[in-house]
2 protein chains.
Amino acid sequence: MDTPVNLRMTKQRQVILDELRKMHTHPTADEMYRLLRKRLPKISLGTVYRNLEVLSDCGLIQKIEVAGTQKRFDGNASHHHHVRCAQCSRLEDVYVDVDAEMDQKVSRLTEFDVSMHRMEFVGVCPSCKVAANA
Amino acid sequence: MDTPVNLRMTKQRQVILDELRKMHTHPTADEMYRLLRKRLPKISLGTVYRNLEVLSDCGLIQKIEVAGTQKRFDGNASHHHHVRCAQCSRLEDVYVDVDAEMDQKVSRLTEFDVSMHRMEFVGVCPSCKVAANA
DNA sequence: CTACTTGCAAAAAATTTGCTGCTAT
DNA sequence: ATAGCAGCAAATTTTTTGCAAGTAG
């Protein structure tokens, strides 16, 4: 899958980007596919996978690589982290950051050239807390 | 897959735990399977999956949920983080931790009851650095 | 034009499961 | 004895790919 030299903004690609940007959940490829078919009834799952891949290679979206089997995608391309509910798997954005020297500290410790990090917090979301007290 | 009331330490389970504990890499189920067949030629891949699941449910090992499609497992059950090589996917342990108040800070921000976090650093490992300069 | 992309269908990769006989406790 | 497990093979789930026809630039 060598990335092509010139990327085109096709209808499909545009709609994928568009929809993903207005969602604040973090859908899987399959969830995107089901949603997209409302606007593009003939889109194929392969196209969805290919475009999510391309868009995240370009940095227009993020591939979220945290817990769980399925990949998830995030229309918010800025640096941020996630909280996951241990009970219902809900995933939300978190805008905190660890101290800026952490990457360098890890570089020294491990001899890797560390360039970024991801963080996932795990806990119980507000609605599952309520459910637990019911 | 309801966890049984009484777990048994079968030969297979013991060997899986044993081998995983002495590795300092973080194998996938399939990598474990190939390794295990040296000691248990008849073990099946299904058994490997089932046991890695059970052992991590018990807290005897960790299921590492970081980047990538495949699940990975870690014989070291203590709290620690990981560095991944962006080029060769090598995964190593990191013993740094973020400040202890981070979980609480995120709890306040998100209204989740945050109880833990995972962190993954991404970079280039020593051998890939050498390869890049060759 | 023509390199890139699509839809479709088939393949591959990763994981889970049903079942029958074996085994740890 | 018996609940729990193993091995095997088949099924599911998730992701990737080959190909022929369509399209953005």
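To find a chain, count down the sequence lines: A is the first, B the second, and so on, and within it residues start at 1. Predicted model, so just to flag it, every value in this text is computed and none were measured.
Listed pair Thr10(A) / dT23(D) fails the phosphate criterion, with no side-chain N or O lying under 4.0 Å from OP1 or OP2. Between Lys71(B) and dT16(C) there is a side-chain polar atom (N or O) within less than 4.0 angstrom of OP1 or OP2. Neither OP1 nor OP2 of dC5(D) sits under 4.0 Å from any side-chain N or O of Asn6(B).
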> What do the steps show when you test Phe121(B) against Thr110(A) for side chain to side chain contact (heavy atoms under 4.5 Å, CB included), and what is the final call?
Replying inline: CA-CA 11 Å; Phe121(B) 295 87; Thr110(A) 64; over 6 Å; no
> Do Leu45(A) and Arg37(A) pass the side chain to side chain contact (heavy atoms under 4.5 Å, CB included) test, and can you show the C-alpha distance, the side-chain angles, and the key distance before you say yes or no?
Replying inline: CA-CA 10 Å; Leu45(A) 182 57; Arg37(A) 279 197 299 180; over 6 Å; no
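Each of dA6(D), dG25(D), dT5(C) was ranked by its minimum atom distance to the side chain of Thr47(B); first place goes to dA6(D).
In terms of position along DNA chain C, the nucleotide closest to Gln12(A) lies nearer the 5' end than the nucleotide closest to the other residue of the pair Gly46(B) and Gln12(A). Two residues, Tyr49(B) and Arg8(A), neighbour DNA chain C, and the one matched to the more 5' nucleotide by heavy-atom proximity is Arg8(A).
Screening Arg34(A), Lys71(A), Met32(A) for a side chain to side chain contact (heavy atoms under 4.5 Å, CB included) involving Pro27(A) leaves a single residue, Met32(A). With Asp74(B) as the partner, the side chain to side chain donor-acceptor pair (under 3.5 Å) test is satisfied by one option alone out of His80(B), Lys63(B), His24(B): His80(B).
With rounding to whole Å, Arg13(A) atom CZ is found 7 Å from dT5(C) atom C1'. Atom pair Glu53(A):CD and dT5(C):C1' shows a separation of 16 Å (rounding to whole Å applied). Distance, Asn51(A) CG to dT5(C) C1': 8 Å, rounded to whole Å. Rounded to a whole Å, the CG atom of Leu52(B) is 15 Å from the C1' atom of dC5(D). Atom NZ in Lys11(A) sits roughly 14 Å away from atom C1' in dA24(D) (whole-Å rounding). Atom CZ in Arg72(B) sits about 10 Å away from atom P in dT15(C), given to the nearest Å. A straight line from CG of Leu55(A) to P of dT5(C) spans 10 Å, rounded to a whole angstrom.
Interface residues of residues 14-26 of chain B facing DNA chain C, ordered by number: none; criterion, heavy-atom separation under 4.0 Å. Residues from residues 30-45 of chain B placing a heavy atom under 4.0 Å of any atom in DNA chain D, listed by number, are Lys42(B), Ile43(B), Ser44(B).
Listed for the Arg13(A) side chain is a donor-acceptor partner under 3.5 Å among the backbone atoms of Arg8(A). Counting only distance, with no hydrogens or angles, the side chain of Glu31(B) and the backbone of Thr28(B) share a donor-acceptor pair below 3.5 Å.
Residues Ile43(B) and Val15(B) form no side-chain contact, since every pair of their non-hydrogen atoms from C-beta on lies 4.5 Å or further apart.
In terms of polar N and O atoms assigned as donor or acceptor, the side chain of Arg50(B) never comes within less than 3.5 Å of the base of dG4(D) in a complementary pairing.
Every residue meeting the ring-ring contact (aromatic ring centres under 6.0 Å, His included) condition with His26(A), not counting sequence neighbours, appears here in chain and number order: His82(A).
Put simply, CG on Asn51(B) and CG on Leu60(B) are 11.0 Å apart, with the number rounded to the nearest 0.5 Å.
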